[in-house]
Amino acid sequence: MPSALPDGEPVPDDGALPASALTGAADRPLGFYLHVPYCATRCGYCDFNTYTATELRGTGGVLASRDNYADTLIDEIRLARKVLGDDPRAVRTVFVGGGTPTLLAASDLVRMLHAIRDEFGLAEDAEITTEANPESVDPAYLAALREGGYNRISFGMQSAKQHVLKVLDRTHTPGRPEACVAEARAAGFEHVNLDLIYGTPGESDDDWRASLEAAIGAGPDHVSAYALIVEEGTQLARRIRRGEVPMTDDDVHADRYLIAESVLSEAGFDWYEVSNWATSEAGRCLHNELYWRGADWWGAGPGAHSHVGGVRWWNVKHPGAYAGALAAGRSPGAGRELLSAEDRRVERILLELRLREGVPLELLREAGLVASRRALGEGLLEGGPYEEGRAVLTLRGRLLADAVVRDLVD
């Protein structure tokens, strides 16, 4: 089941932000994340805030129905317009995630996007992305999305091997994600991503290479590759605990990451964030870069998180509670926190170090600078950028990114 929300101070019923949140807003890009919490089935490794029809039955009534979900989410978009007041920024990125956004009708996804356009305006070069399950789209659906304004799509592929997909409880068939890339291209999508997962119990190095090669062969301009994290409370965690499937270790994850870097780079993909590769700068996911660079975004939907000008808040998790709050004219926010200058400094180091451009050394305190010089000597940071005042991870540094970050934030 979905993990718990953090603690925080209450969100005002009208969602009002402190006046300081919009100070300097014109200099920061604004994005929207739209969360669609529905899935046809629950994957064994998933602890996202998602719900199947069985899980919702009897807990949310008509308010939790996906049939009227687009209308509910549009209510929050209109709330965002009221909260942000006369903020003049056009929206730079929109990302629809889940869950499985493509369980909704294409017309619903388009209406949600158009609500943002009508309330805020879209930047001329706005990036508009939706995630998609390969089995829940067809050429007509993709054409409707493209005609409605979506210009980037991300398909969950995970693996090209049936036995790996079975362990993950993924329902699509091998080959279908690759076919979706061709269908998306035919519909006019210039930017297409495939998501992969490595380190699944029972996956071999050859299985992982085959998945990478299948993804590359499909012709996307972006690939995301994530190490499998076994979250407590998931079906996969229970299976591992019972000894039904083995668990891979950190050394296996490191080997798989090195394979990914080798195979993807040879195919013309360059890393720009530890888990993300693109064939060009234009192929990068601009929306994710908003997160990594601490920009502003409004997260609409159950459990969605937002950040504007140093204020971070999160919505109630259950679709019924979320819809009920909006129907009553209240913000669905469950809690919020005001980030201090020190909080924001630490978060910049945590996130920007993962990027190809790295993090400015001027953000580091004395202990962090000492640690950075040590990391440089150990081959974890690039020498050239360091001389220019930036900490940039080497390939070996990427394998140990979490440890490097812990040292640099001291």
Side-chain angles (χ1 to χ4, degrees), residues 31-36 38-40 43 70 92-114 116-117 122 125-160 165 170-197 210-226 264 267-270 272 275-289:
F32 262 82
Y33 171 74
L34 309 181
H35 186 66
V36 178
Y38 305 107
C39 282
C43 297
R92 181 68 183 84
T93 67
V94 177
F95 194 105
V96 187
T100 307
T102 45
L103 284 180
L104 299 185
S107 58
D108 282 346
L109 297 187
V110 170
R111 286 198 300 120
M112 289 154 50
L113 172 60
H114 288 181
I116 295 174
R117 179 200 64 191
L122 296 171
D125 58 348
E127 175 192 270
I128 314 296
T129 306
T130 186
E131 294 179 337
N133 184 302
E135 301 291 353
S136 63
V137 298
D138 58 26
Y141 190 104
L142 294 169
L145 289 180
R146 184 68 190 93
E147 184 177 352
Y150 286 81
N151 53 30
R152 186 175 183 275
I153 194 161
S154 177
F155 294 108
M157 179 178 178
Q158 280 67 55
S159 176
L165 293 172
R170 294 292 295 184
T171 57
H172 69 261
T173 55
R176 179 58 195 152
E178 298 94 307
C180 284
V181 175
E183 292 172 4
R185 295 293 193 196
F189 282 90
E190 182 178 357
H191 300 300
V192 182
N193 172 62
L194 288 175
D195 273 343
L196 297 173
I197 291 177
S211 294
L212 289 163
E213 290 166 359
I216 292 166
D221 64 335
H222 190 287
V223 171
S224 299
Y226 301 103
L264 289 167
F269 288 79
D270 292 321
Y272 71 97
S275 299
N276 291 272
W277 290 258
T279 57
S280 68
E281 188 169 344
R284 294 182 175 192
C285 179
L286 297 180
H287 184 81
N288 282 342
E289 288 189 316

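No experiment lies behind these values; they were computed from the predicted model shown. All heavy atoms count here, side chains included; hydrogens, waters and symmetry mates do not.
Proximity of Leu212 to Leu264: side-chain heavy atoms (C-beta onward) are separated by under 4.5 Å at one or more points. In this structure, the side chains of Thr130 and Val36 stay at 4.5 Å or more apart for every pair of heavy atoms. Residues Cys285 and Arg152 meet the side-chain proximity criterion, which asks for heavy atoms closer than 4.5 Å. The closest side-chain heavy-atom distance from Pro220 to Asn193 is not below 4.5 Å.
In this structure a side-chain-to-backbone donor-acceptor pair under 3.5 Å is missing from Tyr38 to Gly98. When atom types are taken as modelled, the side chain of His114 and the backbone of Gly148 share a donor-acceptor pair closer than 3.5 angstrom. Between the side chain of Ser211 and the main chain of Ala160, a donor-acceptor pair closer than 3.5 Å is present. For Arg185 (side chain) and Gly219 (main-chain N/O), a donor-acceptor pair under 3.5 Å exists by modelled atom type. Panel note: side chain Asn151, backbone Ala126; a donor-acceptor pair is recorded below 3.5 Å. Side-chain atoms of Asp195 never come within 3.5 Å of backbone atoms of Phe155 as a donor-acceptor pair (strictly under, hydrogens ignored). Remark: the backbone N or O of Pro101 is not paired with any side-chain donor or acceptor of Glu131 at under 3.5 angstrom.
The line from CG of Asn133 to CG of Leu103 is 7.0 Å long, rounded to the nearest 0.5 Å. Interatomic distance, CG of Asp108 versus CG of Leu113, reported as 12.5 Å (0.5 Å rounding). The CD1 atom of Ile128 lies 11.5 Å from the CZ atom of Phe95; values are rounded to the nearest 0.5 Å. Remark: Asp221 CG to Glu190 CD distance equals 7.5 Å, nearest 0.5 Å.
Between Asn276 and Tyr226, the shortest heavy-atom distance links the atoms OD1-OH, 3.7 Å. Nearest heavy-atom pair across Leu165 and Met157 is CD2-O, 3.7 Å. Between Tyr141 and Leu104, the shortest heavy-atom distance links the atoms OH-O, 2.7 Å. For Val192 against Ala184, the heavy-atom pair with the smallest separation is CG2-CB, 4.2 Å. The minimum heavy-atom distance between Ala218 and Leu194, with the atom names listed, is CB-CD1, 4.2 Å. The shortest heavy-atom contact between Thr102 and Ser136 is OG1-OG, 2.5 Å.
Residue Arg284 is tested with Glu127, Glu289, His191, His222 for a side chain to side chain donor-acceptor pair (under 3.5 Å); the sole match is Glu289.
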Stepwise side chain to side chain contact (heavy atoms under 4.5 Å, CB included) test for Leu122 and Val94 | CA-CA 9 Å; Leu122 296 171; Val94 177; 4.2 Å; yes
Yes or no on side chain to side chain contact (heavy atoms under 4.5 Å, CB included) for Thr173 and Glu135, after CA distance, side-chain angles and deciding distance?
-> CA-CA 8 Å; Thr173 55; Glu135 301 291 353; 3.4 Å; yes
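In this structure, Glu183 pairs ionically with Arg176, as a charged nitrogen and a carboxylate oxygen lie closer than 4.0 Å.
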